[in-house]
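In what follows, a structure is listed as structure tokens, so that the remarks can point back to it.
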There are 2 protein chains.
Amino acid sequence: MVLKSKNASKPGSPPPKSGPETAVYQRQTRLQHAQERAQDYVEAIAELIAGCGEARATDLAKSLGVTHVTVIRTVQRLQREGLVTTQPYRSIFLTDSGRTLAGKARARHEKVVTFLEALGVAKSTARADAEGIEHHVSDETLKAMEKFLRSSRKGSGKPTRTY
Amino acid sequence: MVLKSKNASKPGSPPPKSGPETAVYQRQTRLQHAQERAQDYVEAIAELIAGCGEARATDLAKSLGVTHVTVIRTVQRLQREGLVTTQPYRSIFLTDSGRTLAGKARARHEKVVTFLEALGVAKSTARADAEGIEHHVSDETLKAMEKFLRSSRKGSGKPTRTY
DNA sequence: GCCGCATTGTAGCGCATGCTACAATATGGT
DNA sequence: ACCATATTGTAGCATGCGCTACAATGCGGC
Ligand SMILES: [Mn+2]
Ligand SMILES: [Mn+2]
Ligand SMILES: [Mn+2]
Ligand SMILES: [Mn+2]
């Protein structure tokens, strides 16, 4: 790297140069974060419904580590976006759209955790990292992870004993 | 999963149940996002300085895919946090702290890209995914990725390119 | 030196996430 | 039925990330 060491210290030299296309991968931060949050919410809601029979705002708040106020506000947004339905003083339900998203999020989440563990990461670390990584794994990368899992399962326990 | 299939459809049954500890991995979303943004900024600033000799707000804006206004505001925050220094109508400089962070971010970024490519992901996909994944990879996971890279380079005599 | 244009900065908006404090409703135990 | 308590909802605040529109400054060509 640093092929341009010549002008690396000449302040008034070249124009942009290092990034008309890098911007492609940087755009849309805000919407991206909102989508991540939506995924975590519907996933948690689905989990509560599966585990408790219903998703209450309070339990969701505990599950997500935020206050119930934050939950209620965000759930309002999710309802606006057609992912959940709510009625005053009642529990939260997923729409078809929300259920679909939750399913994808959950599948992705689990695959990432499994992959990280197979890579040799401690379970608690895998779970922690997956919580963030899951939102940035493309379908292509997910497939590559699955492929790795298949091959690493075949090759007995330790696939990388090349040491 | 779903050991509690009994009450899985009985709305008024069990309390929280599925998440007093899952919350640990969910907290702090907002600060987390701000930190991610800071990492991307100092990394981009360092890159511009290395490539152009200086980091101008406009170029940074192009590189990050946002308007110059957004850049200026965020840079103000970074200055407040001691990562950069600026003077009116002059380019942006990294503090020691900022340079350190940029170095770590860059190293992490590249390792993640390399890892994804080694996993069999297309270069453009690897770069796109890495842009988000990089912020959620713990040191432990990073080490696991490095280990995988070492073993995979030995195994298949393919990439490597050690001169 | 002057002026036009690029760059930088400011004002003000929208939206999302988080919070505390307080109000309203629901629910369960007696 | 009744009231204490839990749950849900509202009001208002703060911060961060985007944006457009417009103002101020800087700079390079003439
Ligand atoms: Mn998840
Ligand atoms: Mn998550
Ligand atoms: Mn990066
Ligand atoms: Mn990034």
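Proteins get letters first, then strands, A, B, ... in listed order; numbering begins at 1 in each.
With hydrogens and angles disregarded, a donor-acceptor distance shorter than 3.5 Å links the side chain of A/T114 to the backbone of A/E110. Panel note: side chain B/E140, backbone A/A122; a donor-acceptor pair is recorded below 3.5 Å.
Between the side chains of B/E131 and A/H136, not a single donor N or O lies within less than 3.5 Å of an accepting N or O. Side chains of A/R37 and B/T29: a donor-acceptor N/O pair is present below 3.5 angstrom, by distance only.
Rounded to whole Å, the distance from CD on B/Q26 to P on C/dG18 is 9 Å. Taking atom CG on A/L60 and atom P on C/dT17, their separation rounds to 13 Å, with Å as the unit. A/R90 places its CZ atom 12 Å from the P atom of D/dG9, with the value rounded to the nearest Å. Regarding A/L31, its CG atom lies at a distance of 9 Å from the C1' atom of D/dG18, rounded to whole Å. A/I72 has its CD1 atom 17 Å from the P atom of C/dA21, to the nearest Å. Following rounding to the nearest Å, B/D59 (CG) and C/dA6 (P) show an atom-to-atom distance of 14 Å. In this structure, A/L48 places its CG atom 13 Å from P of D/dT7, rounding to the nearest Å. In this structure, B/R73 atom CZ and C/dT10 atom C1' are separated by 10 Å, rounded to whole Å.
For B/Q76, a side-chain nitrogen or oxygen approaches OP1 or OP2 of C/dT10 to under 4.0 Å. Note on A/R80: a side-chain N or O is less than 4.0 Å away from OP1 or OP2 of C/dA16. Not one side-chain nitrogen or oxygen of A/T70 sits closer than 4.0 Å to the OP1 or OP2 atom of C/dT17. The shortest distance between the side-chain N/O atoms of A/T29 and the OP1/OP2 oxygens of D/dC17 is not below 4.0 Å. Not one side-chain nitrogen or oxygen of A/R56 sits closer than 4.0 Å to the OP1 or OP2 atom of D/dT7. Contact annotation: B/T58 side-chain N/O to C/dT8 OP1/OP2 distance is under 4.0 Å. For A/R27, no side-chain nitrogen or oxygen approaches OP1 or OP2 of D/dG18 to under 4.0 Å.
In this structure, the aromatic ring of A/H68 is positioned over the six-membered ring of the base of D/dT8, centres within 5.5 Å and planes within 30°.
Residue contacts shown for A/E36 are absent, as no nucleic acid heavy atom lies under 4.0 Å away.
Within the structure, salt bridge (charged side-chain N to carboxylate O under 4.0 Å, His left out) contacts touching residues 80-95 of chain B (residues at least two apart or in different chains) are B/R77-B/E81.
Between B/F148 and B/F115, the two ring planes are perpendicular [angle over 60°; tilted spans 30° to 60°].
Ranking C/dT17, D/dT7, D/dG18 by closeness to the A/R37 side chain, first place goes to C/dT17. With distances taken from any side-chain atom of A/T67 to the nucleotides C/dT20, D/dG16, C/dT17, the minimum falls on C/dT20.
Taking the nucleotide of DNA chain C with the nearest heavy atom to each of B/A57 and A/V66, the more 5' of the two is matched to B/A57. For B/P88 and A/V69, each mapped to the nucleotide of DNA chain D holding its nearest heavy atom, the one lying further toward the 5' end belongs to A/V69.
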